[in-house]
Amino acid sequence: MVTYIVRRLVTAVLILLAASFLVYLLTAASGDPLQQYRQSSLPNKEQLIQQRIQLLNLNTPAPLRYFDWLGGAAGCLIPFAAECDLGKSIQGIEVTTLLARAMGQTIQLVTAATILAIIIGIALGIITALRQYSGLDYGVTFMAFLFFSLPIFWVAVLLKEYGAIGFNNFLNQPNIGLSAMGIIGLVAGFICYLVPKSGVKRKLIAAAIGFVAAVALCWYLDISGWFLTPGFGAIGVALMGVAAAYLVTVLTAGLRNRKALYSALITVGLGMIAYFAIQPLLDLATILMIIILGVGAVLVGVAVGYLMGGFDRRQSMNAAGLTAFLMGFVILLDRYMQEWPEYFNNSRIGGRPIATIGSSTPNLEGNFWIAGLDIFTHLLLPTIALMLISLASYSRYSRASMLEIMNQDYIRTARAKGLTERTVVMRHAFRNALIPLATLVAFDIGALIGGAIITEAVFAFSGMGQLFVDALNAVDPNPVMGVFLITGILAMTFNLVADLIYSVLDPRVRVKA
Amino acid sequence: MSTSAENENPDTATPEARGLSQGQLVRKRFFGHTAAVISMFVFAGIVILAFTSVGYAGIPGWYQWNYIETPPIQGRGEPTWELPFDFGQHPFGQDSVGRDMFAMTMRGAQLSLIVMFIIGALGGILGVIIGGVSGYFRGWVEAVLMRLTDTVIIIPLIILAAVLGTISQTMTGRGTIANAIFGGSDGVVLLGLFVGVIIWTGLARLVRGEFLSLREREFVDAARIAGASDRRIIFKHILPNAVGVIIVNTTLVMASAILLETALSFLGMGVQAPDVSLGSLISDNQQAFTTRPWLFWWPGLFIIAICLSINFIGDGLRDAFDPRQKKFRAKKAKDTRASSSAEAKA
């Protein structure tokens with residue numbers, strides 16, 4: 001195993017060297033870095049050209065300049081030496097500084113989108129696999145193909161128009177019209193129509209319930225002025241907690257396991273006590289405090305499950321722990337919503353909260369919650385755009401993987417033993433269906449940092465993509481190399497991780513030493 | 001059971017039992033895939049519309065404007081198309097200087113399609129050659145070619161494509177022969193060639209895997225013992241068996257190629273003004289969304305239509321070549337379940 005990893009690492013370094021050489025030469029050949037000055041009519045034109053030649057060392061041919069760059073970059077390999085020198089950009093700023101800033105932005109942008117895409121995509125894939133060739137399956141398949149085929153820049157511009165400008169206009173006059181309510185109701189009804197497995201009557205009943213529920217919800221949101229003063233309130237939090245408890249129990253233990261259900265419900269009760277108890281504490285919230293509270297909540301949940309004891313303790317612990325996490329999330333969300341009016345009426349926001357460009361409102365003052373809401377309003381649209389597109393591939397892959405597993409002999413054996421469908425799906429099929437996805441996720445994370453280039457360009461996010469595009473337009477190899485180095489190293493690392501994960505998860509796969 | 005008796009009846013036998021050739025089976029399965037067949041017609045329609053309407057390479061089309069002319073703006077330049085068949089002067093509207101949007105969209109679609117075909121063809125050929133050679137000959141050839149593949153694959157596609165797209169822009173206008181052949185769009189051809197040179201990596205890996213497993217099969221051993229040359233084994237025995245993987249993945253490469261090209265043109269690193277691509281049309285008109293939304297909708301819809309139809313064709317081809325997740329199996333399972341439950345009731 002160790003030999004294998006060492007060998008892979010050595011090849012990786014060599015490949016990285018070759019690829020970086022290639023990128024450097026191509027970038028240097030992509031244009032004329034002096035273009036900007038050649039056509040200018042400034043009196044000190046000659047001097048400026050000389051300055052730039054000096055700065056970028058243009059009198060040396062590109063292949064030699066690469067080794068110059070490589071010498072500086074090699075300093076990055078020595079840990080803690082702070083000798084990392086990736087050269088300077090065309091404006092004379094250190095590339096390492098630029099990269100550090102851009103990477104923070106990009107990671108902020110892609111994290112939420114990736115996590116959401118993975119969770120929703122896999123859930124959709126599993127559900128459609130279990131309902132193969134149903135209306136739901138065809139619907140989701142069509143949507144997945146559509147999302148595959150969407151040009152992200154087009155979606156992004158649409159989102160800016162309707163998601164930001166349109167929604168902001170709506171917020172200034174938050175009345176859902178009757179016709180809009182009807183349309184939302186019909187869409188909800190149609191989705192509910194697809195959910196039941198069979199039987200036109202059951203499908204129609206589901207559709208009717210969906211329609212009524214959606215219209216009632218819209219009507220309530222409308223008359224209570226929810227959009228201006230959002231929040232769940234204590235009752236909402238409690239209802240969502242109970243719903244989460246049931247859902248988690250169904251998925252992890254099955255409703256027949258009463259101990260698991262009760263421990264989840266007890267956790268919700270404790271969560272409600274905490275909801276009232278910690279509100280004053282949350283006024284002083286910091287990110288660290290939220291993390292500690294979250295971990296504490298999960299520990300309490302696990303403890304409740306442990307104390308419930310019983311025949312299969314772990315199931316109760318899982319159910320209660322997961323419920324506690326969801327409960328904490330709902331409380332957090334509720335708290336953010338309570339702060340919404342203050343954010344909304346802030347003079348820097350001026351009643352138009354959903355932003356179309358940038359990653360934060362400049363000069364916005366406020367506490368932890370206001371800052372969080374600001375990040376949320378800026379990330380919302382790019383996250384949706386990025387998510388839609390990767391969601392499609394996750395749902396397709398997990399569907400295919402699940403279908404293959406469900407046709408295996410051991411699934412039939414599990415059913416023949418008399419296990420419930422839930423146990424068969426969640427314990428036998430789902431876990432094994434995730435194995436090929438682990439590789440896919442690893443690959444994707446490696447490719448993500450470079451993949452947000454277009455989204456960043458549309459939403460004017462000053463991340464890695466923007467850095468790359470600007471540098472390429474200015475024929476400035478150093479930042480391009482910086483971006484490539486980060487993405488390349490990430491891609492290599494995650495390829496290796498993917499292979500190792502695969503051999504750990506699936507013992508049939510052995511790595512060759 | 002009644003189902004096994006039915007299977008021996010030639011009318012209801014599975015297609016495999018009817019003595020059809022492999023090609024016939026594939027064709028039959030493909031034409032049984034409704035979405036793929038519809039997509040094929042949509043795609044053919046778009047290709048015909050794009051190339052006949054505004055003409056190509058000096059051959060005039062049937063449409064009255066071209067993408068450069070600036071006829072006087074009518075009204076605010078709104079689309080004059082009234083459903084269903086009253087097209088008017090400018091069915092897709094006009095932009096701020098009066099250029100006809102339909103002509104521009106068609107020209108953009110032409111260029112995007114050309115780039116897509118070049119990328120698909122070049123990427124496919126390179127992928128098959130590199131993957132096939134390394135899978136069949138193994139040894140140091142495989143080591144070198146696969147390390148080359150690794151080198152190209154770790155550079156994010158969009159980064160490499162953007163750099164090459166910029167290079168293709170600086171080289172445009174020099175290739176006069178290409179200019180003559182491709183109707184003044186040699187920059188586009190260069191872009192296609194450059195992206196095709198880097199997009200083969202995924203296909204090469206797949207083809208290599210396919211060749212690696214096929215070369216160990218008995219029929220290849222048999223051919224070798226019978227004295228067949230490497231060339232004969234590759235072209236007559238292995239390649240026909242790998243053709244499914246190749247066709248399906250080339251199709252999918254083409255679908256991603258059109259998104260890549262439009263994205264590059266959107267960023268200003270692909271097709272250059274005065275020529276138009278579907279991507280650059282969107283890029284030029286995104287600011288005008290509130291005042292002239294029609295400039296923005298049509299190119300986007302064409303990209304989606306082209307890409308979606310190719311994806312569905314690819315899906316149909318995959319089902320046709322690789323029928324492991326067959327449709328009729330699910331239906332048969334349902335039938336058997338239904339009949340057995342009926343028997344149980346009886």
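Every chain is numbered from 1 and lettered A, B, ... according to where its sequence line falls, protein lines coming before strand lines. Predicted, not measured: the structure shown is a model, and the values here were computed from it.
If you measure heavy-atom distances from A:Val458 to chain B, the contacts under 4.5 Å come from the side chain alone. Heavy atoms of B:Leu160 lying under 4.5 Å from chain A belong exclusively to its side chain. Using a 4.5 Å cut-off between heavy atoms, B:Ile310 makes no contact with chain A at all. For B:Ala255, no part sits under 4.5 Å from any heavy atom of chain A, backbone or side chain. The contact between A:Leu158 and chain B is made by backbone and side chain atoms together, counting heavy-atom distances below 4.5 Å.
The structure places CD1 of B:Ile154 at 9.5 Å from OG1 of A:Thr493, a figure rounded to the nearest 0.5 Å. Going from atom CD1 of B:Ile153 over to atom CE of A:Met492 covers 9.5 Å, rounded to the nearest 0.5 Å. The distance from atom CZ of B:Arg147 to atom CD1 of A:Ile15, rounded to the nearest 0.5 Å, is 5.5 Å. Rounded to the nearest 0.5 angstrom, B:Ser309 OG and A:Phe145 CZ are separated by 11.5 Å.
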#### Entry: Worked verdict on A:Ile454 versus B:Ile158 for side chain to side chain contact (heavy atoms under 4.5 Å, CB included)
CA-CA 9 Å; A:Ile454 301 159; B:Ile158 183 101; 3.8 Å; yes

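In terms of heavy-atom pairs under 4.5 angstrom with chain A, the leader among B:Leu148, B:Thr166, B:Leu308 is B:Leu308. With chain B as partner, the option from A:Ile165, A:Leu472, A:Val155 having the largest number of non-hydrogen pairs under 4.5 angstrom is A:Leu472.
A:Phe468 has its side chain within reach of B:Val163: a pair of non-hydrogen atoms, C-beta onward, lies under 4.5 Å apart. Side chains of B:Ile159 and A:Ile453 form a contact here, defined as non-hydrogen atoms less than 4.5 Å apart.
Listed by first and then second residue, the ring-ring contact (aromatic ring centres under 6.0 Å, His included) pairs involving residues 248-271 of chain B are A:Phe153-B:Phe266 (not counting sequence neighbours). Pairs of residues two or more places apart, or lying in two chains, that qualify as side chain to side chain donor-acceptor pair (under 3.5 Å) and include a residue from residues 251-271 of chain B are B:Ser112-B:Glu261, B:Glu261-B:Ser265, B:Glu261-B:Ser277, B:Ser265-B:Ser277.
Of all residues spanning residues 295-304 of chain B, those with a heavy atom less than 4.5 Å away from chain A's heavy atoms are B:Phe296, B:Trp297, B:Gly300, B:Leu301, B:Ile303, B:Ile304, arranged by number.
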For residues 17-29 of chain A, dump all side-chain donor-acceptor pairs below 3.5 Å to protein atoms at least two apart in sequence or in another chain.
{"from": "A:Ser20", "atom 1": "OG", "to": "A:Leu16", "atom 2": "O", "distance (Å)": "3.2"}
{"from": "A:Ser20", "atom 1": "OG", "to": "A:Leu17", "atom 2": "O", "distance (Å)": "2.8"}
{"from": "A:Ser20", "atom 1": "OG", "to": "A:Tyr66", "atom 2": "OH", "distance (Å)": "2.7"}
{"from": "A:Thr27", "atom 1": "OG1", "to": "A:Val23", "atom 2": "O", "distance (Å)": "2.6"}

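In the displayed structure, A:Leu9 atom CG is contacted under 6.0 Å by more than 12 heavy atoms of other residues, nucleotides or ligands.
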